[in-house]
Engineer: 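One structure coming up, written as structure tokens, with questions to follow.
In listed order, ligands and their atoms are each counted from 1. Counting from 1, the numbers follow the sequence of the chain as shown. Keep in mind that this is a model prediction, so the values were computed, not measured.
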Amino acid sequence: MQREMTARLQVMKFGGTSVGDVPCMARTAQILAQGARAGACVAVVSAMSGVTNRLIEAAQRAGAGDKAQGTAVLESLRKQHTEVLQSLVREESARKAIEEEMLEVLAEGRRLFEGTALLRELTPRTLDAISSLGERLSAPLVAGAVRDLGLQSEAVDATEVIITDAFHGGAEPLMDRTREECEVRLRPMLEKGIVPVVTGFIGASTEGKLTTLGRGGSDFSATILGAALNADEVIIWTDVDGVLTADPRLVPEARTIPVISYREAAELAFFGAKVLHPKTLKPVMQAAIPVWIRNSFFPERPGTKITPEGRSIGGGVKALTAIQDVALISVGGPGIVGLPDVVGRTFSTTAEVRANVLLISQSSSQNDICFIVSAADAQRTVDALRREFAQDLAHEKVEHITVDTNIAIVAVVGENMRGTPGVAGKTFNALGRENVNLIAIAQGSSESNISFVVEEKAMKTALITTHREFGLGAAAS
Ligand code: ASP
Ligand code: MG
């Protein structure tokens, strides 16, 4: 194929903590320089850590008529970024050029805050423009640091290369247009040996209006560019060693998973192991481009490789996750047996109040339906259900609608659990031995996830027990 004939192309994304201060930026520049010496390399960078949050908070204040916080944030960003610039770029004239670029971005920020405060209105479009400032400040700095190491590098505004729909705050890429722009803007740079440093998180609509891809969207930027340029791999450099078998704060034996499938990684992203933006893998799935998660603080560590198939270890089980901020709602009583519309009405109601349903379980005796929603949605959902079933409650057709917030979901994830009998049995035996009471169980028909509900205070024991039972803490296979 074409790919083998041309030099290897890597897209490397650096998150906020990987560009968070001078030592981190310096390490990032080193990693990029090393990558660029070995082949072609495109960088995607986040804002320095915490910057996007500060900008969004100040934007909201400006929307209420107060521009002072915006002014203060911009001033502190100017200080913070010039300090980094002083340390990372040695040559005076190179520094001046970057400083001017940064001052222009800050001046634009000032106008945005002033306009918003004046109108007392923060539109989604303006919020996007304000939240993009952090990436537009960090990209020129990283490019400058890479040049300082003797390589060619240039900051590129993603509005020139990632073309999206006009949905501000969570735009979707238009891949064909993005591919065209990448060929025009990025490919020639790569051919000349220049390292493009692209702002993460940002795109532009077909009319050229700046959009953002949603919070944490720089991961998504990286895979969009990886797919558009048909890269050999995408590396997400972050501050953890990769995807872990469990949260190490709860399970001390947790370790990094060497290889995992797209599907398993997506399952883990959904179930609270927040290593990746949930849309990250979508762009690269079709072209089967591998995605790595690696630790920029310890670049010698191998990290986790996400591939189309992954590789099975520990009897098909790969990892465990847990979610705590959830509530179990139960609708039922013997009276609902054979009432055909209870299920339908229950979930029309959750849809009406836009509750995010994370798990559903109903036994075949049909005595009750229980499901889990985020704790934040619980009260709203229960109130709506009590209204919906008011008549049935009065006539005792439905006996109870209850809510329990002292619970947690533990999910066992692993694609090859499909066709591995005994995973559920093994799990529940082990939990039985430890006296962990199971409140509900759900397994999707994809069999890449078995979830169970336990009392919140039993969650840690459940995790440690299951982790041990499946040998997840053992050395890599
Ligand atoms: N800076 C953006 C955020 O904090 C995007 C990212 O870092 O992925 O959401
Ligand atoms: Mg992130």
Side-chain angles (χ1 to χ4, degrees), residues 11-21 24-25 28 31-32 42-60 70 73-74 76-77 80-81 84 102 105-106 108-109 112 122 124-143 155-159 161-162 164 167-173 197-204 210-226 234-240 243 265 269 273-284 291-297 306:
V11 175
M12 294 192 182
K13 179 256 174 173
F14 296 88
T17 50
S18 301
V19 294
D21 56 20
C24 294
M25 282 247 194
T28 287
I31 292 171
L32 274 169
V42 175
V44 174
V45 295
S46 288
M48 293 178 76
S49 56
V51 168
T52 314
N53 283 344
R54 278 150 72 198
L55 286 166
I56 290 176
E57 212 190 291
Q60 272 147 0
V73 168
L74 291 177
S76 89
L77 291 182
Q80 182 182 358
H81 288 78
V84 176
M102 295 195 321
V105 173
L106 292 166
E108 192 182 318
L112 285 164
L122 178 62
R125 185 177 162 195
T126 309
L127 180 59
D128 270 355
I130 292 177
S131 27
S132 77
L133 296 169
E135 272 75 5
R136 294 172 59 204
L137 291 170
S138 64
L141 274 184
V142 173
V156 175
D157 208 315
T159 51
V161 288
I162 295 185
T164 69
F167 191 83
H168 289 285
E172 281 291 332
V197 180
V198 184
T199 53
F201 180 48
I202 310 172
L210 186 145
T211 55
T212 63
L213 307 171
R215 292 308 308 274
S218 297
D219 297 339
F220 194 24
S221 308
T223 51
I224 291 169
L225 293 178
V234 174
I235 307 180
I236 311 277
W237 290 97
T238 177
D239 55 4
V240 293
V243 181
K274 293 194 189 89
V275 244
L276 282 181
H277 183 276
K279 288 183 190 163
T280 308
L281 297 171
K282 238 166 69 177
V284 291
V291 176
W292 290 84
I293 301 187
R294 299 186 58 183
N295 194 338
S296 72
F297 292 75
I306 309 174

Engineer: At the 4.0 Å heavy-atom cut-off, does G16 count as touching ligand 1?
Structural biologist: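 Flag not set, G16 not near ligand 1.
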
Engineer: If you measure every N/O of F201 against every N/O of ligand 1, is any gap under 3.5 Å?
Structural biologist: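 Not met; the criterion fails.
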
Engineer: Within a distance under 4.0 Å of any heavy atom of S46, pick out the atoms of ligand 1 and give their elements.
Structural biologist: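 So the answer, numbered in order with elements, is 6 (C), 7 (O), 8 (O).
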
Engineer: For T211 and T164, which I'm curious about, is there any donor-acceptor pair between the side chains at under 3.5 Å?
Structural biologist: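 There is such a pair (donor and acceptor under 3.5 Å, judged by atom type) between the side chains of T211 and T164.
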
Engineer: Could you tell me, atom by atom, which parts of ligand 1 come under 4.0 Å of a heavy atom of S218?
Structural biologist: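 Taking each heavy atom of S218 in turn, ligand 1 has 5 (C), 6 (C), 7 (O), 8 (O) under 4.0 Å.
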
Engineer: State whether the side chain of T223 and the backbone N or O of L281 hold a donor-acceptor pair below 3.5 Å, judged by distance alone.
Structural biologist: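 Flag not set: sc T223 to bb L281 has no pair under 3.5 Å.
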
Engineer: Under 4.0 Å, heavy atoms only, figure out whether ligand 1 is touched by the backbone of E135, its side chain, both or neither.
Structural biologist: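 It is the side chain that touches ligand 1; the backbone stays farther off.
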
Engineer: Go through the steps for V197 and V156 under the test side-chain contact (heavy atoms from CB on, under 4.5 Å), then give the verdict.
Structural biologist: CA-CA 6 Å; V197 180; V156 175; over 6 Å; no

Engineer: Using a strict cut-off of 4.0 Å, indicate which atoms of ligand 1 neighbour a heavy atom of R215.
Structural biologist: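 Listed by number with element, the hits are 3 (C), 4 (O), 9 (O).
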
Engineer: Give me the one residue out of V45, V11, V161, D157 that meets side chain to side chain contact (heavy atoms under 4.5 Å, CB included) with V198.
Structural biologist: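 With V198 as partner, V45, V11, V161, D157 yield a single side chain to side chain contact (heavy atoms under 4.5 Å, CB included), made by V161.
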
Engineer: Considering only heavy atoms of T52, which atoms of ligand 1 have at least one such atom less than 4.0 Å away?
Structural biologist: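 In order of numbering, the contacting atoms are 1 (N), 2 (C), 3 (C), 4 (O).
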
Engineer: Does the residue G15 have a heavy-atom contact with ligand 1, meaning some pair of atoms that are separated by less than 4.0 Å?
Structural biologist: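 Distance cut 4.0 Å: G15 fails for ligand 1.
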
Engineer: Are any non-hydrogen side-chain atoms of V44 and F201 less than 4.5 angstrom apart?
Structural biologist: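 No, their side chains stay 4.5 Å or more apart.
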
Engineer: Is there a side-chain contact (heavy atoms from CB on, under 4.5 Å) between I224 and V284? Walk through the geometry before answering.
Structural biologist: CA-CA 7 Å; I224 291 169; V284 291; over 6 Å; no

